[in-house]
Structure formats: C-alpha cells, structure tokens
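Below, read A as the first sequence line, B as the second, and so on, with proteins coming before strands; counting in each chain starts at 1.
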Amino acid sequence: MKKIASVIVDVPTLQTNKPFDYYIPEEFIGHIEIGMRVVVPFGNRHIQGFVVGLKERSDIKNLKEIIEPMDVIPVLNKELLHIGDYLSEKTLCFKIAAYQVMLPPALKAKYEKYITLIDDHALEQLPTDLKKLFDKQKRLKWKDVEKFVSTSYLYRKAKEGLFEVTYEVKNQGNKKKVLYYVPTTNDVEHFQNKKNQLSKPLSQKQEEIYQVFLRHFQPHTVSQMERKVANARAPLNALVNKGLLKKEEYEQYRDPYVNRYFQKTKALPLTEDQQKAITPILNTIEEKQQEVFLLHGVTGSGKTEVYLQAIEKVINQGKEAIVLVPEISLTPQMVNRFKGRFGNLVAVLHSGLSLGEKYDEWRKIQRKEVKVVVGARSAIFAPFENIGIIIIDEEHENSYKQEDIPRYHARDIAIERSKIHHCPVVLGSATPSLESFARAKKGVYKLLTMDKRMNQSRLPTVEIVDMRNELKSGNRSMFSAQLFEKMQDRLAKKEQIVLMLNRRGYSSFVMCRDCGLVVKCPNCEISLTYHKVTDQLKCHYCGFETGTPKVCPECGSNHIRFFGTGTQKVEEELGKVLPEARVIRMDVDTTSRKGSHEKLLTDFGQGKADILLGTQMIAKGLDFPNITLVGVLSADSSLHIPDFRSSEKTFQLLTQVSGRAGRHQLPGEVIIQTYTPEHYSVQLAKNHDYLQFYRHEMLMRKQGQYPPFYYLVLIHINHEDVQYVYTVAEKIAQFLRAQLLPSSKVLGPAASPIVKIKNKYRYQVLIKYKHDPNITPALKKIIHHFYQDQLKKGLTISIDMNPYSLM
DNA sequence: AGCACGCCGACT
DNA sequence: GTCGGCGTGCTC
C-alpha cells in the first residue's frame, strides 16, 4: 500500500502549480485514492487539494500528513484527470483551475478562518469590546473579530496563547437532507407492544398517525403525513417523545423537474435524409470507432430525432451519451424531447439550476443512475465512464467557448474524450462554423447533409427590405410598410409572429445631436447604455451608473437623443400601431427570474400572445407550428462589430431566426429589414444558401488571414498606466517575433477595441499561425517572465488560445 | 492566495 | 523601545 499522495493544492499561483507530497495517515491508507479531494496543511493553513498520484517515496523530506479525505468516491476519474492536464496545457491555465471547472461548483472549497478563546482566564485579559464578543461563544469567525481590532493584535495574542486560530475547509454546497419519521421498530408485534406499554393512551391524532405507520412501516416526512392526517407535526413529535417513532435524516436529490409530466414518445419513422445521415453514425457506434461527424441539416430537417435514435442505440449497448446544447436553447421544449424519450435516464445541467440542484444532477451521473446528460457547455465534463456518443447541437454557437479561465472550447474537449472512449462525436448545425465545415471538406470530419425539411414543409420565403428607401418615402417608424402589412395580415388570420431585435453590440446610447458627443463611461471608454426602468445610464463593463443628462455635458445643447432601439421601445411602438396585438417580450429584463423564460415560451406556445418580441435569445430552438411570420427589425447591428466573425454571426442569426417560420403545415415568411441590403450575409441568408456563404466567407478569411486558415492567439495586456502597458505589450510582441517561426505572424501591440475597462488600459497582441511548435513554450516563458509584475504592479496578461471575441 | 519575516519610519 | 506599514519569499 502506497503511503504518500501527490496533491495539487487549491492555490492558483505559478509557484504552486505542481504536485505537493503528503503522507497518508495510517487510518486512511487504501482509503485515499487518486482523484479524491483531501484537506491538507499548507503553510499554517488548511486547504483543499486533489490527489493526482500515490507513491512509496518522495524526494522531499519532512512531509506533512494529509488531514482528511473529503470524498468517499473520487470526484475525478483517471480520464477526467487526464482531461484536466490536457486543459491546463492547451489553455495555459493552472491545474487547479482545470480540475475545478470540471466539477459542479458545490464541490469547490469554502474556507473559513476561526478564532477560539482558549479559556475563561483568557477572557479576563481582553479589552472590553472583545470581551463582549466572546461573552456568548468561544469560537468566532475571524472576519467578524477583525472588524474590531487590528490583525496584528490578534496574531500577537494568539502567539501568547490566548487564542487558537483554526481553518476549516468545507464544500460550497451540500447534499440535501430531509427529515423523516420512522417507527422505532419494524416488527408489527413489537410496535403494538410498545404502544400498549405506554402509561396513557394516545390522543386521537396520535392514534391516527400510529395507525398509518402500523399499516405500512414506511418513513414519512411531515408533509407526506399531512396528506393523510391534517396538522401532523405536533403529534408526530409527541410519538417520538413516547419512543414509538424516531427522526431520521435521509439524503435526497433536488429534482428540478419533479412533479412534471413528460409525454412518453417513441422513435419516429425517419425520412430518407435522416436515414442517410444516421446510418454512418450507427455504424461507428457499432464498430466502436472514434469519428467526428458534422451533421449539416437545414432548420426543421429533424436533427434532434437523429440524435435521439443514435442515443437509443448507445443506451442499448449499455453506454452513455452526452448532449450539449447552447444555454439559451436549453428550453423546456428541448428537455421535453429527451425526457420524453428516455424518461428518468436523463440528467439536465444548465445555469438556471441552483448550486444544489446542479450537484444532485451531477451525482446522478456519477452514480450511474442516468445514461444521458443534456446540458450546456460544462456538461462536457460529465463523469461518465463508458461514453458511446457525444452530440453538440448548434455546433457553431459561441457559448461553447468559455470566455474566462480556463478558456476552453467544448468541441475540443468532446473530441479528446471521444478518442479515449472510441466513440463518435456529432456536431449538428444548420449553419456550421467555418472551422468545422472546412474540416469536413478536408475530410477530417465526416460530412452528413440533410437539406430537406420534415413534414414536406418548405423553407420560408425571405424578403429583404431596404430601410433607406423607407426613410426616403417618409416612413420613420421602425416597421417597414411590408412588415407592417404582413403583421396585420397574420393578426387577422390568428397566426403568430416572431419579431427579433438584433441588439448585439451598440445598444441604446445617448448622443448630442449638436456636437455629436456620445456619453461614455469614465472608467471604460465605452458608451453608456440607457436603461429606461431606472432612467439611468449604465456601463455594462464596470457597472458605473449615472443619471441621464438633460443637456449635453459638452456643449450645453438640449438636443440630447437616444439612439438605438431597445425591445421596450419596440413594445411601446407596437402598442401604438397595433393596439389589438398581444405581445410577449423576451429579453434579459423579462427572463432573469428563474423559470420566466420557460413560462413566456409556454404562454406563446399556447397562443396567449400573437407576437413574440425578443433579442437573439428567440432565434434558436423554438418550434411552434403557428408561427408564419418572422421579422428581423434590423439585420445590421451585428454586422458592424469590429470582429472577423461578424458576417458569419449575422448569417447564422438570420438563418436561424428565419428557420422559426413555417416549420409545419403553414408556410412561413420572413422579412429582414436592413440598411445594407447588398451585404452578402444578408443576401445569402435570403436564399438559405449556406454553401455559397461558406465559399464567399472563406475567401474573406483567406484574404484576412483568419481562421480556418490560421489559428489565433490573443494576448491582452492591461494596466492603469498607458505607457507601461504599451512598453510591456511591445516587449511581448518583440519576444514572440524572435521566438516564433517566420511563418507565424505577430500583430501589434495595438489598443483593444475597448481601450479602457475599469480604469485599466487594454492593449493586445495577436498571433496568427498555421503550425508552430514554439507557440506554447514561448507563451509559457512570457507568463513566467511577467509573473512578478502581475502580482506587484497590478499588470494583467491574459492569453486566449483560439479566441472567439477579439474585443 | 495567505501568511511570516524583516526592514523601515513614526510614535508613546 | 514598540507599533504598524509594506516588500519579499515560501508553502510538501
């Protein structure tokens, strides 16, 4: 039995980003396994760590002992530990950050520092204000005491032996315990005897409850009992006091989908397209081969049914499936389809769940109680051990890329896991990312195409309206004549309308019409956003808030105007021009409350409204038969973001939202309003012509030397002092130019599109490369070289391998 | 990240 | 002589 454990400690710094060795105490030898969390002494604190290895001897002398294990079963299996190493290597993050991102947040350590008074004698020696604090209890939280006296005083007294300072390591979330009442015996006769031995007979209520337990010896919670006997709490406790019942705590899953009925569904007959697409996937499952498929299916072509039937095969083989969907489309509609087919074999993971709920869903996976997990990005780390398929729906979505540390892409993790499990990965989309489609074309991925809609429904007809002409002809409203007319028509026909306001990028800002001043955040160099509810201007980078100016702060003019259109404004306008229409508005404001997203959609599905008005969150996944008109109020806003992917994003968004119309019997129509009707993203979305868009966009990417022709690395350098940032950025750029192959291009330093956030200036260096083994070593050197400056001078350097946003 | 240690100026 | 500020270096 190995006596020493190597532990990655929960201290995210460069110097501690390596295993530390500890003795395993006698009693835990054989108990502590690789992948478990343990509490270890580190310096004079107690912290959490992950066991990553066991060994007989260590090069370090004077090892300390592990304090205790935090798990009974390892939380990370061998495979996930490997994935953690892969993550930290590929995204250049600390090991501890990689491990933590793979686990539900409930398992993240919570630390508390306590100060305990040694004895009453010590109490006498304290100043009066401290005496008061310690009068009631001997142990207090350090941070509560710290408010009253200086830390050095506390340390000094601790050294003198008045206090003891202790550290506690706990989980952030916990298993839910439910209190049950249970008979003290499960033998009928014994139970009756016990009652008969009581000095007094039971009260009427107590007797009733007693009879319930006598009939079936099952544990009951108070509320369960109250369904049979009203006001049961007091009599239950009385029975406990009389020794007939006892209280017991049982662990219970918090099931976010409890009390919900899921219509059971069976496999549907497949269309020819679907059949053709699924066959190679099924073969790969059968042959236990690793393969990446790109399933390119137009909106409404029935990709989900293909997923479902592939999963069915996987389950029949006794294996497990991971399905990733973008957070935003993790709607009840989607969940229903999986729960309907696979019932309680499905775990669901998304950001709407509480800490505890996430933890419980995760434990269902860990305990092998489910076979399928449907979830957002982080569900890719589901602790399955026998994966048969990994599906990524809406593959092109940027929410699969995590924007903070570790900056990983779920697709990369999926492929890495599929290699270990010898299973297929299916990337599905109506508008695949250029990267994926290019790989499919090269034969790296296998391309599967479904270009026909199910139900014989046709793709909707799309009309582009040039808003410049509207303006010329005197229409100053946000609805073009065409759109307005069609909306009236649908309202008359009792059909439903989806209106999308593509507000990404520059939303409602305030500008002076006389001098052109745009009100900006004093800390962030970005225009402030107008919030009508509070009548305030807000910066959504640093949270700065200010009242709305009545006159221009620059020139004093009172011609202040609000530019950009918010959903609220559209809603108001709709109320004026189509007062009879019932409108549901969906945006961050109306969906922030838990479950509100779902409720709004259900209402719309049940026909409680005629118009669904929203931001891009309504572009995906909705499948309502009665939608026959989709209006895009302005296609342009996403087009002019300074980002090489803006055309791609616009095309995807327009195609996706168009796909909401006419999915069933009724034919659909789409109106796209724009100020740049000639742009290829808009034109090709009109024709639903992905292939042409792909060809055109590939030319642009080649010209601009962007992905998929080049890989990117984005380095951000931030500091309060512009001069200093620039100097560091310049050094970094020079260093990279010297280290990298000549074929790699180092661009910059340049000021970031948002020059200042939270009073820190932002500069960036961009690397474009095709193949360069020196990239990672060079970046690691940069991290090491500037590490001290980062700690001391408040410099931050962040590295994003394959960034999704260049802002 | 914390925390100890050590050096320095400021004050009882 | 003592207290508290902060720069430096270490944690198996």
Notebook entry, point to check: When you check the side-chain N and O atoms of A:D10 and A:Q100, is any donor under 3.5 Å from an acceptor?
Noted result: yes
Note to self: Any donor-acceptor pair under 3.5 Å linking the side-chain atoms of A:N171 with those of A:R37?
What the structure shows: yes
Notebook entry, point to check: In whole Å, what is the span from the CD1 atom of A:I47 to the P atom of B:dA1?
Noted result: 13 Å
Check: What pair of heavy atoms forms the shortest contact from A:P69 to A:V38, and how long is it?
Finding: CA-CG1, 4.0 Å
Next item on the list: From the options A:Y761, A:Y724, A:F786, A:Y726, select the one residue that forms a ring pair (Phe, Tyr, Trp, His ring centres under 6.0 Å) with A:H719.
Entry: A:Y724
Check: What is the distance, rounded to the nearest whole Å, between atom CD of A:Q48 and atom C1' of C:dT11?
Finding: 17 Å
Note to self: Around atom NZ of A:K90, are there more than 12 heavy atoms from other residues, nucleotides or ligands closer than 6.0 Å?
What the structure shows: no
Notebook entry, point to check: Of the residues in residues 4-15 of chain A, which ones touch DNA chain B at a heavy-atom distance under 4.0 Å?
Noted result: A:V11, A:P12, A:T13
Notebook entry, point to check: Ring of A:F42 versus six-membered ring of C:dT11: centres under 5.5 Å and planes under 30°?
Noted result: yes
Notebook entry, point to check: Crowded around A:R57 CZ? As in, over 12 foreign heavy atoms under 6.0 Å?
Noted result: no
Next item on the list: Grab the NZ-P distance between A:K95 and C:dC12 for me, whole Å please.
Entry: 19 Å
Notebook entry, point to check: Across the strands shown, which category fits A:K113 at heavy-atom distances under 4.0 angstrom: base, sugar-phosphate, nothing?
Noted result: sugar-phosphate
Next item on the list: Return no unless some side-chain N or O of A:N44 is found under 4.0 Å from OP1 or OP2 of C:dT11.
Entry: no
Next item on the list: Using whole Å, report how far CZ of A:F20 lies from P of B:dA1.
Entry: 15 Å
Checklist line | A:W142 CH2 to B:dG2 P, straight-line distance once rounded to whole Å | finding: 13 Å
Next item on the list: May I ask you to test the A:Y763-A:V722 pair for a side-chain heavy-atom distance under 4.5 Å?
Entry: yes
Notebook entry, point to check: What is the distance from OH of A:Y22 to C1' of C:dT11, rounded to the nearest Å?
Noted result: 7 Å
Checklist line | For atom NZ of A:K2 and atom P of C:dC12, their distance in whole Å | finding: 23 Å
Next item on the list: Just call it for A:P41: base, sugar-phosphate, or nothing, with non-hydrogen atoms closer than 4.0 Å on any strand.
Entry: sugar-phosphate
Check: A:Y167 side chain N/O closer than 4.0 Å to the phosphate oxygens (OP1, OP2) of B:dC3?
Finding: yes
Next item on the list: Return the value, rounded to whole Å, for the distance between atom CG of A:N17 and atom P of B:dA1.
Entry: 13 Å
